[in-house]
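Below is one structure, written out as structure tokens; comments come after it.
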Amino acid sequence: MPKRRDILAIVLIVLPWTLLITVWHQNAISPLLALRKDDGSENGNRRDIGQSSGSKEYCPSDKDIVEVIRTEYVYTRPPPWSDILPTIHVITPTYSRPVQKAELTRVANTLLHVPNLHWIVVEDAQRRTTLVTQLLKETGLNYTHLNVETPRSYKLRGDIRDPRFPRGTMQRNLALRWLREMFNLNNTQQGIIYFADDDNTYSLELFEEMRATRKVSVWPVAFVGGLRYESPKVNAMGKVYGWKTVFDPHRPFAIDMAGFAINLRLILQRPQAYFKLRGVKGGYQESSLLRELVTLNDLEPKAANCTKVLTQLGTFNPSVSQAA
């Protein structure tokens, strides 16, 4: 009889716990089973939405899935593309240095937010480097990777910051030649060309401003020539009549490389227009190209008639010991 009482006591203790665990397990797994059951139809809907809405985000009910989709959108999908907007061809010369990857990454993170953008990166090197090749692949941008090395005969023995030093000139010219080879005047796709050095900072608004360029558009640039900003001078009629600059204001186009954009069709119409390497004084590289394309009267002031600063030159170049 004592044995029966012990068995009864054990049953009375174990049975409630068994029932409790069973109820809890069913409540926990039921939503997952329901989600799996509907997974096929939901996946079909997601595919349809993704294909029909283009770059628009869609929001499934599960929070974790939303986060995964956003991550894939930001890092693996190219920026939105439209057949209506002109393509902006951003030409960036670059060269090997300690901060090269950091500065190219910063520029890439800006360009990712610009629709209809094609990034042409040209290395000053004998061959395309692994660093830049891998970086471009990982950006998700539409890009073209070129290279040409500036001959030693063009590299002065003085300070690399010397304005006579032709940094990026051959690289920009190679990009212009590539565009002329890839496009012709019969091409219906409109385009804009912009020279964006990798050590500068750019506002997203700048790219939307330049997209309406008919010939050559211009705007102010910060931290140039010892000034807070250099700028075209614009009269009440909205025409450029001069330049706010300290360094040689009598240059035909006293403007920095970051301060103008060119319509692609104009470049195609003027095949002789390139940046000059020989016989060009310091600070006249921009003028050597623009004087082949337009006159002062043709310039189109942007950025609220050149009253807003939407780009600035880079000033950060740390000294790094080669032995480090």
Side-chain angles (χ1 to χ4, degrees), residues 50-51 53-57 68-97 99-125 127-148 168 171-183 187 189-213 217 257-258 260-264 267 310-314:
Q51 293 173 357
S53 63
S55 61
K56 294 181 181 179
E57 285 190 290
V68 170
I69 290 171
R70 286 176 179 167
T71 300
E72 290 178 353
Y73 173 78
V74 172
Y75 293 108
T76 66
R77 293 180 59 187
W81 197 271
S82 167
D83 294 330
I84 300 174
L85 293 175
T87 301
I88 299 178
H89 302 278
V90 175
I91 297 173
T92 300
T94 187
Y95 63 99
S96 178
R97 60 200 189 279
V99 296
Q100 181 186 29
K101 184 175 181 180
E103 293 189 321
L104 284 172
T105 299
R106 185 186 65 250
V107 175
N109 288 341
T110 298
L111 301 184
L112 275 168
H113 298 278
V114 183
N116 284 46
L117 185 133
H118 172 217
W119 196 16
I120 306 176
V121 179
V122 191
E123 291 194 71
D124 188 347
R127 59 186 59 86
R128 287 172 286 183
T129 64
T130 302
L131 184 149
V132 177
T133 300
Q134 191 62 31
L135 185 147
L136 289 172
K137 288 180 179 178
E138 293 174 354
T139 63
L141 287 162
N142 303 289
Y143 71 90
T144 297
H145 188 189
L146 307 173
N147 71 285
V148 60
Q171 290 70 39
R172 296 183 187 101
N173 282 343
L174 177 61
L176 290 176
R177 190 181 77 185
W178 184 90
L179 285 168
R180 287 181 172 117
E181 291 175 353
M182 294 299 297
F183 298 94
N187 195 290
Q189 176 62 49
Q190 296 181 336
I192 307 298
I193 299 172
Y194 181 53
F195 301 99
D197 289 353
D198 60 4
D199 58 345
N200 297 345
T201 304
Y202 308 95
S203 165
L204 294 177
E205 185 180 351
L206 174 66
F207 297 97
E208 297 313 310
E209 289 274 332
M210 72 175 69
R211 209 182 288 274
T213 300
S217 57
M257 199 71 68
F260 65 92
I262 306 170
N263 191 292
L264 174 62
I267 286 291
L310 301 178
T311 182
Q312 70 177 49
L313 297 193

**Study point:** Side chain Gln171, main chain Thr92, donor-acceptor under 3.5 Å
**Key:** no
Check your understanding: Quick one: does Thr311's side chain have a donor or acceptor within less than 3.5 Å of a partner on Thr201's backbone?
Key -> yes
Practice item. Tell me, please, which residues at least two apart from Thr87 pass side chain to side chain donor-acceptor pair (under 3.5 Å). Key: Gln189
**Study point:** Test item: Glu123 side-chain N/O and Thr129 main-chain N/O as donor-acceptor pair under 3.5 Å
**Key:** yes
**Study point:** Worked check of side chain to side chain contact (heavy atoms under 4.5 Å, CB included) between Tyr143 and Lys137
**Key:** CA-CA 9 Å; Tyr143 71 90; Lys137 288 180 179 178; 3.4 Å; yes
Review point. Considering all heavy atoms of both residues, which atom of Trp119 and which atom of Leu141 are nearest to each other, and what is their separation?
Key: CE3-CD1, 3.5 Å
Check your understanding: Can you find a heavy atom in the side chain of Ile88 that is under 4.5 Å from one in the side chain of Val90?
Key -> yes
Check your understanding: Between the side chain of Tyr95 and the main-chain N/O of Gln100, is any donor-acceptor distance below 3.5 Å?
Key -> no
Point to revise | Side-chain touch Asp198/Val121, heavy atoms, less than 4.5 angstrom | key: no
Exercise for review: Give a yes or no answer on whether the side chain of Asn116 reaches the backbone of Leu85 with a donor-acceptor pair at less than 3.5 Å.
Suggested key: yes
Check your understanding: Leu179 versus Ile91: any side-chain heavy-atom pair under 4.5 Å?
Key -> yes
Review point. Can you name the residues that form a salt bridge (charged side-chain N to carboxylate O under 4.0 Å, His left out) with Arg177, not counting sequence neighbours?
Key: Glu181
Practice item. Look up atom CG in Asn142 and atom CG in Leu111, then write down how far apart they are to the nearest 0.5 Å. Key: 11.0 Å
Practice item. Could you give me the CA-CA distance, side-chain angles and deciding distance for Thr110 and Leu204, then say whether side chain to side chain contact (heavy atoms under 4.5 Å, CB included) is met? Key: CA-CA 7 Å; Thr110 298; Leu204 294 177; 3.8 Å; yes
Point to revise | Heavy-atom check, side chain of Phe195 versus side chain of Asn200, under 4.5 Å | key: no
Practice item. Using the side chain to side chain contact (heavy atoms under 4.5 Å, CB included) rule, take Thr139 and Leu104 through it: C-alpha gap first, then chi angles, then the decisive distance, then the call. Key: CA-CA 10 Å; Thr139 63; Leu104 284 172; over 6 Å; no
Review point. Is there a donor-acceptor pair closer than 3.5 Å between any side-chain N or O of Arg180 and the backbone N or O of Ile267?
Key: yes
Practice item. May I ask you to decide if His145's main-chain N or O and Arg128's side chain share a donor-acceptor pair within less than 3.5 Å? Key: yes
Practice item. Only counting residues at least two apart or in another chain, list the ones meeting side chain to side chain donor-acceptor pair (under 3.5 Å) with Thr105. Key: none
Review point. For Val107 and Tyr202, which heavy atoms make the closest approach, and how far apart are they?
Key: CG2-CE1, 4.5 Å
Check your understanding: Can a salt bridge be assigned to the pair Asp199 and Arg97 using a cut-off of 4.0 Å between side-chain N and carboxylate O?
Key -> no
**Study point:** Minimum-distance pair of heavy atoms, taken over all atoms of Ala261 and Met210
**Key:** CB-CB, 3.9 Å
Check your understanding: From Asn147 CG over to Leu174 CG, what is the distance, rounded to the nearest 0.5 angstrom?
Key -> 8.0 Å
Point to revise | Heavy-atom side-chain contact between Ile192 and Phe207 under 4.5 Å | key: no
Revision key, fill the gap. For Gly191 and Pro86 the tightest heavy-atom approach is N-CB, 4.3 Å
**Study point:** Heavy-atom check, side chain of Glu103 versus side chain of Thr94, under 4.5 Å
**Key:** no
Study note, to complete from the structure: Residues Ala196 and Pro93: closest non-hydrogen pair is O-CD, 4.4 Å
Study note, to complete from the structure: Rounded to the nearest 0.5 Å, the CG atom of Leu136 sits from the CG atom of Leu131 at a distance of 9.5 Å
Study note, to complete from the structure: One should read off an interatomic distance between Arg211 CZ and Tyr194 OH, to the nearest 0.5 angstrom, of 13.5 Å
Exercise for review: Evaluate the side-chain proximity of Glu208 to Pro115: yes if any heavy-atom separation is below 4.5 Å, no if none is.
Suggested key: yes
Point to revise | Over 12 non-hydrogen atoms of neighbours within 6.0 angstrom of CG in Asn109 | key: yes
Review point. Is any side-chain heavy atom of Leu313 less than 4.5 Å from a side-chain heavy atom of Met257?
Key: no
Practice item. Apply the test side chain to side chain contact (heavy atoms under 4.5 Å, CB included) to residues Val122 and Trp178: give CA-CA distance (whole Å), side-chain angles for both, the deciding distance (0.1 Å), then the verdict. Key: CA-CA 11 Å; Val122 191; Trp178 184 90; over 6 Å; no
